[in-house]
Amino acid sequence: MRKIAVIGGDGTGPEVVKEGLKVLAAVSKIHGFKYEIIDYDLGGARYLKTKELAPDSVLKELEKMDAIFLGAIGHPDVKPGILEQGILLKLRFSLDQYINLRPVKLYNADFCPLKDKKPEDIDFVVVRENSEGLYKGLGEFQKKGAKDEVAIQISHNTRKGVERCIRYAFEYTKKRNKNKKLTLCGKTNVLTFAWDLWQRTFNEVAKEYKDITTDYAHVDATTMWFVKNPEWFDVIVTDNMFGDIITDLGAMIQGGMGIAAGGNINPEGVSMFEPIGGSAPKYTGKNVINPLAAICAVAMMLENLGEEKAAKQVEDAVIKIVKTKLKSLAAGKMGYSTTEVGDLVVKNLY
Ligand code: IPM
Ligand code: MN
């Protein structure tokens, strides 16, 4: 019996998680996958009531789970940074989920904002480092509030952290077995400490993967290629900050936040799966938000748990309804409500 922790979180998080769990229940029945759900009340609402973010006792329990399914964290009445750092980043860091895996896959050309791009043109995966870089929170204010104030924000990159991420990316590229091409996305021309380490590590590890084609692109150029020639990419590996930025662009070219899912992976521990869009306060409680990103996160979770067939079945059902039913992937424009989209996925599991 697998133990799956569920954190609905804030805003539309609980609504999309509910649909994800609906699909999980249906597909698990087909495959005889047994699991137990353990619900955790974390997020802005709880913080406003109790001042608690992610208590150590909860972190301890989460370590013992087989997977975590997260809705969204973010509340309009809480100052930016508190919930993000205190809950989302706290979970990623303390569970050492050092990979953020973000597939960028277009299911229906009608939903792509790029002209003349088809599903076969947009199908790549970003491997984002998820434990270091600018997200480490290192830095300081000097003379805060003064006219000559200085704010320093440090990108902290360790050989160990960079290497484990790059190794994961090479292994992933090999296993994915598509174009067997791995692109390092960085900024070697300006950030000459961090990206020197990344480039050196990348080149060294590459020697062990002779059958994988390697490439390099600066992050600014990468955003240009995402729009101009997304078909050039197979797997991209990058640091935490660049990965955050380019995967929002990635989400847009695959059809929007309504469909974009990600996994915070600890290959040796417990991983956490989430739709990558936020808590969308303005759509909360209206039954209009697109639950497909959360449903795709469930597929990623199933794959991570070794249930590849169930994962594929969920993805195929999503593809089918995205191709034949939904009018749009945007909230309120799908032609169906949140719960109806969940039902449609369930109906199309075959
Ligand atoms: C994401 C989000 C988070 C991040 C925020 C909410 C802290 O944007 O998952 O991409 O920056 O990683
Ligand atoms: Mn982001």
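Only this structure's heavy atoms are used, side chains among them; waters, hydrogens and symmetry mates stay out. Computed from a predicted model, the values in this text were never measured in an experiment. Atoms within a ligand are numbered from 1 in the order they appear, just like the ligands themselves.
For the pair Asn240/Asn130, a side-chain contact is recorded, criterion being any heavy-atom separation below 4.5 Å from C-beta on. Between Trp198 and Val237, the closest side-chain pair of non-hydrogen atoms falls below 4.5 Å. Counting heavy atoms from C-beta on, the side chains of Leu91 and Ile7 come closer than 4.5 Å. Contact annotation: the side chain of Pro103 approaches that of Met300 to within less than 4.5 Å [non-hydrogen atoms, C-beta and beyond].
By the 4.0 Å heavy-atom criterion, Asp244 is counted among the residues contacting ligand 1. Not a single heavy atom of Met241 sits less than 4.0 Å from an atom of ligand 1.
The Arg102 neighbourhood of ligand 1 comprises atoms 1 (C), 9 (O), 10 (O), with distances under 4.0 Å to a heavy atom of that residue. Close approach of ligand 1 to Arg92 is summarised as follows: ligand atoms under 4.0 Å from at least one heavy atom of the residue are 1 (C), 4 (C), 9 (O), 12 (O). Counting atoms of ligand 1 from 1 in the listed order, those under 4.0 Å from a heavy atom of Tyr135 are 4 (C), 11 (O), 12 (O). Applying the 4.0 Å criterion to heavy atoms of Glu84 picks out, from ligand 1, the atoms 6 (C), 7 (C).
The pair Lys143-Asp148 meets the salt-bridge criterion, with a side-chain N (NZ, NE, NH1 or NH2) lying under 4.0 Å from an Asp/Glu carboxylate O. The existence of a salt bridge linking Asp244 and Arg128 is confirmed by a sub-4.0 Å separation between a basic side-chain nitrogen and an acidic carboxylate oxygen.
Looking only at atom types and distance, the side chain of Tyr283 has no donor-acceptor partner in the side chain of Glu15 under 3.5 Å away.
When atom types are taken as modelled, the side chain of Lys286 and the backbone of Lys282 share a donor-acceptor pair closer than 3.5 angstrom.
For the pair Lys51 and Tyr47, the cation sits on the ring face: its NZ or CZ lies under 6.0 Å from the ring centre, inside 45° of the axis.
Considering backbone and side-chain N/O atoms, Arg128 comes within less than 3.5 Å of an N/O atom of ligand 1.
Summarising the geometry of Asp116 relative to Asp121, their closest heavy-atom pair is O-OD2, 3.9 Å, with the distance given to 0.1 Å.
Counting only protein N, O or S atoms, 1 lie closer than 2.8 Å to the Mn ion (ligand 2).
Of the protein's heavy atoms, Leu88 CD2, 4.0 Å lies nearest to atom 3 (C) of ligand 1.
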